[in-house]
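Report on one structure; see the data block that follows.
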2 protein chains.
Amino acid sequence: MTPASEPRWLTEAEQAAWFAWRRMFPLVDAAIARDLNQDSGLSEADYDVLSVLGSADGHRMRISALAELMHWSRSRLSHQLTRMEQRGIVRREDVATDGRGAEVVLTDTGVAAITDAAPLHVASVRRHLVDVLTPQQLQVLAEVGEVLRHRFGAPRKGRD
Amino acid sequence: MTPASEPRWLTEAEQAAWFAWRRMFPLVDAAIARDLNQDSGLSEADYDVLSVLGSADGHRMRISALAELMHWSRSRLSHQLTRMEQRGIVRREDVATDGRGAEVVLTDTGVAAITDAAPLHVASVRRHLVDVLTPQQLQVLAEVGEVLRHRFGAPRKGRD
DNA sequence: GTGCTGTTGTTGATGTGTCATCTATCAAAG
DNA sequence: CTTTGATAGATGACACATCAACAACAGCAC
């Protein structure tokens, strides 16, 4: 077997990209999260759940379907829903057709929360990211997202 | 005063970039974090601290300087160092010149940990990000990082 | 019916990040 | 020397994510 050969360290250009990814990009997320919390009292996780439910039919969704749509684990979603339910912005309901299943419903408070939060959140995203970059840069970000979507979304055969 | 005018929602192109940022980019971090944990038993946070200390003079650094360099809050770093100290990979030491201050030092175990982990980690970063993108795309990522660095690094006067 | 297997959703333990708060120290002004 | 304000760092409470169980039910075999 080959002993660990000298690894291919990152070139300077690659290091710059990785540094940006690792040190700079999180600052944007933190800034947006802080705004969201201060403006609307919501976490990013709250907002994600609320916005998906907000555009769901009847403001309700099967829990497992919600988890799958968001690419969240059932556990993560369950914990999150417990916290949100305690704050009265969502409600769990048993579903008749399947004794195991349950649905989440947006309460009136929840609808109000997402309605109020959305414009402020968009503004924050613009302030900290979208309006800061050029259309070309945004285009490349989207492009990178596409590459990753294929890498992760598509089923793979072997180890990579 | 102006009532909240209709917010500037994101264009389709902007949405694509934001979707990539929000839904796809974290997948890369998760994949790399999983690799790192399986290969070396370290978290990303562990690795970040270790790698900075590893290239620091004398494998030691003033805690506040480390926090600033990494763009971490003192609190976050303090908690992280407590956990790492309990596992014996770093050690805290009081500094003579300032009664308040403290330094972190890499233990021998810590040096071994980062030395062993580095090649595997670089390979993982290549596999999941660097080698997946074109040089042009990497260039733009670095460029975006520069924009953000100026936005967040530079002291600001007013609200933005 | 009884048993087996997969699915749904919850829970508890643990590691992590944030915020507010606290102590100790420094530095400068009086 | 004392007060005053800033700084270094630690800490406790809480929100969040992951993992490994776990209970309850569905669906199918027999």
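Keep in mind the model is a prediction, meaning the values are calculated, not measured. Chain identifiers are assigned alphabetically (A, B, ...) following the order of the sequence lines, protein sequences preceding nucleic acid strands; residue numbering begins at 1 within each chain.
- Within 4.0 Å of Ser64(B), counting heavy atoms only, lie sugar-phosphate atoms of the nucleic acid but no base atom.
- Distance, Asp48(A) CG to dA15(D) C1': 15 Å, rounded to whole Å.
- Spacing between atom CG of Asp94(B) and atom P of dA10(D) amounts to 9 Å, rounded to whole angstrom units.
- Contact check on Arg83(A) versus Asp46(A) returns no salt bridge, with no Lys/Arg side-chain nitrogen under 4.0 Å from an Asp/Glu carboxylate oxygen.
- Note on Arg76(A): a side-chain N or O is less than 4.0 Å away from OP1 or OP2 of dA17(D).
- Computed from coordinates, the Met70(A) CE to dC16(D) P distance equals 12 Å when rounded to whole Å.
- Taking 4.0 angstrom as the limit, Arg62(B) places none of its side-chain polar atoms (N or O) nearer than this to OP1 or OP2 of dA8(D).
- Residue Met84(A) contributes atom CE, which lies 13 Å from atom C1' of dC16(D) at whole-angstrom precision.
- Nearest to the side-chain atoms of Arg74(B) among the listed nucleotides dC25(D), dA10(D), dG9(D) stands dG9(D).
- Of all the heavy atoms in Asp35(A) and Ser124(A), the pair that sits closest is OD2-OG, 2.9 Å.
- Both Arg87(A) and Asp98(B) sit near DNA chain D, but only Asp98(B) has its closest nucleotide nearer the 5' end.
- Running 5' to 3' along DNA chain C, contacts with non-hydrogen atoms of chain B at under 4.0 Å begin and end at dT16(C) to dC26(C).
- Among dA10(D), dT18(D), dC25(D), the nucleotide with an atom closest to any side-chain atom of Arg100(A) is dC25(D).
- For Arg92(A) and His79(B), each mapped to the nucleotide of DNA chain C holding its nearest heavy atom, the one lying further toward the 5' end belongs to Arg92(A).
- Note: CG (Leu81(B)) to P (dT11(D)) measures 12 Å, nearest angstrom.
- Checking side-chain atoms of Arg126(B) against main-chain N and O of Arg8(A) turns up a donor-acceptor pair under 3.5 Å.
- When the P atom of dT7(D) is taken as reference, atom CD of Glu68(B) falls 12 Å away, rounded to whole Å.
- Considering all non-hydrogen atoms of both residues, Arg127(B) and Val132(B) come closest at O-CG2, 3.2 Å.
- In this entry the distance linking CD of Glu44(B) with C1' of dA17(D) reads 14 Å, nearest Å.
- Contact detail for Val52(A) and Met61(A): the closest heavy-atom pair is CG1-CE, 3.9 Å.
- For Leu42(A) and dC14(D), the CG to P distance is 20 Å, given to the nearest whole Å.
- Other residues, nucleotides and ligands contribute more than 12 heavy atoms inside 6.0 Å of the CD atom of Glu44(A).
- Considering only heavy atoms from C-beta on, Arg74(B) stays 4.5 Å or farther from Ile63(B) through its side chain.
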